[in-house]
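Remarks on the structure that follows.
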Amino acid sequence: LFRSVTEKKKPKIEIKEIVNEVFHVDPETEREIARLKRELQDISSKRANYEKEIDVYLSQVNVLRSQKPAVEYKEIVQEVVKLEKSPEILREIERLKRQLSDLETSRVRTQDQIVALRGERGDRKTHV
């Protein structure tokens, strides 16, 4: 009984433990986080640029698809020359051929005459 009364009279002591934990981020980890954030921002920016570029190309392709196929025309000009021999021209050719033949015959006779005259002159010089 006595115990129970003394226990009742004994002040109760409750122990409260308060722990203040302070966390500090490692400087290397902070640098890595900053680098990764920059890299993520760069990649996001590049992706946005690529998406804009894709949109431009898609719109250009759609415009090209909607157009009718272009037809190229090549103009080839050929000149055809027809040669005709008219009767007048044929007669003129024959006349010129005869004239040429006559001149050739005359040249041969004149050359033969020159040779003969040289020979005769040579004979007379040796007889004198």
Side-chain angles (χ1 to χ4, degrees):
L1 202 71
F2 181 73
R3 233 173 158 174
S4 70
V5 172
T6 56
E7 284 181 9
K8 283 184 182 178
K9 291 215 175 206
K10 200 175 184 189
K12 276 189 169 179
I13 299 178
E14 282 186 38
I15 299 177
K16 272 188 173 178
E17 186 175 328
I18 298 176
V19 177
N20 288 330
E21 292 184 22
V22 177
F23 292 100
H24 291 286
V25 179
D26 181 32
E28 188 174 318
T29 304
E30 284 181 342
R31 283 192 297 273
E32 181 68 11
I33 289 171
R35 184 189 68 78
L36 291 172
K37 283 182 179 179
R38 280 192 311 273
E39 190 174 330
L40 183 62
Q41 189 175 17
D42 288 347
I43 290 172
S44 296
S45 174
K46 285 180 183 177
R47 180 178 177 187
N49 289 338
Y50 290 146
E51 286 176 356
K52 287 177 187 175
E53 195 173 343
I54 286 171
D55 288 341
V56 168
Y57 287 136
L58 283 175
S59 68
Q60 290 174 352
V61 166
N62 287 333
V63 166
L64 291 173
R65 283 181 182 160
S66 68
Q67 293 176 349
K68 291 182 180 179
V71 177
E72 286 187 32
Y73 293 99
K74 269 190 178 179
E75 188 172 322
I76 298 174
V77 177
Q78 291 181 340
E79 189 173 313
V80 177
V81 178
K82 285 188 172 184
L83 300 177
E84 293 183 5
K85 295 181 181 178
S86 68
E88 296 92 26
I89 301 277
L90 291 173
R91 283 193 293 275
E92 179 70 15
I93 290 172
E94 287 303 316
R95 186 187 68 75
L96 290 172
K97 283 181 179 179
R98 281 193 307 273
Q99 188 178 356
L100 184 61
S101 178
D102 292 344
L103 285 173
E104 181 64 23
T105 304
S106 173
R107 184 192 65 81
V108 169
R109 270 188 272 137
T110 304
Q111 200 172 13
D112 289 345
Q113 190 178 10
I114 289 172
V115 170
L117 289 173
R118 281 185 186 157
E120 187 180 323
R121 184 182 71 179
D123 286 345
R124 289 190 184 225
K125 280 187 176 180
T126 54
H127 287 315
V128 175

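Residue indices begin at 1 and follow the sequence shown.
- Rounded to the nearest 0.5 angstrom, I54 CD1 and R47 CZ are separated by 9.5 Å.
- A donor-acceptor contact closer than 3.5 angstrom is absent between the side chains of Q113 and R109.
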For this session: Could you please spell out the steps behind the side-chain contact (heavy atoms from CB on, under 4.5 Å) verdict for R65 and V61?
Result: CA-CA 6 Å; R65 283 181 182 160; V61 166; 3.5 Å; yes
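- If you take CD on E39 and CG on L36, they are separated by 6.0 Å, rounding to the nearest 0.5 Å.
- Of the charged side-chain nitrogens involved, at least one lies within less than 4.0 Å of a carboxylate oxygen, so that E92 and R95 count as a salt-bridged pair.
- Open room surrounds CD on Q41; 12 or fewer heavy atoms of other groups in view lie less than 6.0 Å from it.
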Exercise. What's the verdict on side-chain contact (heavy atoms from CB on, under 4.5 Å) for R31 and R35, showing C-alpha distance, side-chain angles and the deciding distance?
Worked result: CA-CA 6 Å; R31 283 192 297 273; R35 184 189 68 78; over 6 Å; no
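- Of the candidates D112, T105, T110, D112 is the only one forming a side-chain contact (heavy atoms from CB on, under 4.5 Å) with V108.
- Counting heavy-atom neighbours within 6.0 Å of E51 CD, excluding the residue itself, gives a total above 12.
- Interatomic distance, NZ of K46 versus CD of E53, reported as 13.0 Å (0.5 Å rounding).
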For this session: Please test S59 against V63 for side-chain contact (heavy atoms from CB on, under 4.5 Å), starting from the C-alpha separation and ending with a verdict.
Result: CA-CA 6 Å; S59 68; V63 166; 5.6 Å; no
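- Here the straight-line distance linking atom CG of L100 with atom CG of L96 works out to 8.5 Å at 0.5 Å rounding.
- In this structure, CD1 on I33 lies 13.0 Å from CG on L40, to the nearest 0.5 angstrom.
- In this structure, NZ on K52 lies 10.0 Å from CG on D55, to the nearest 0.5 angstrom.
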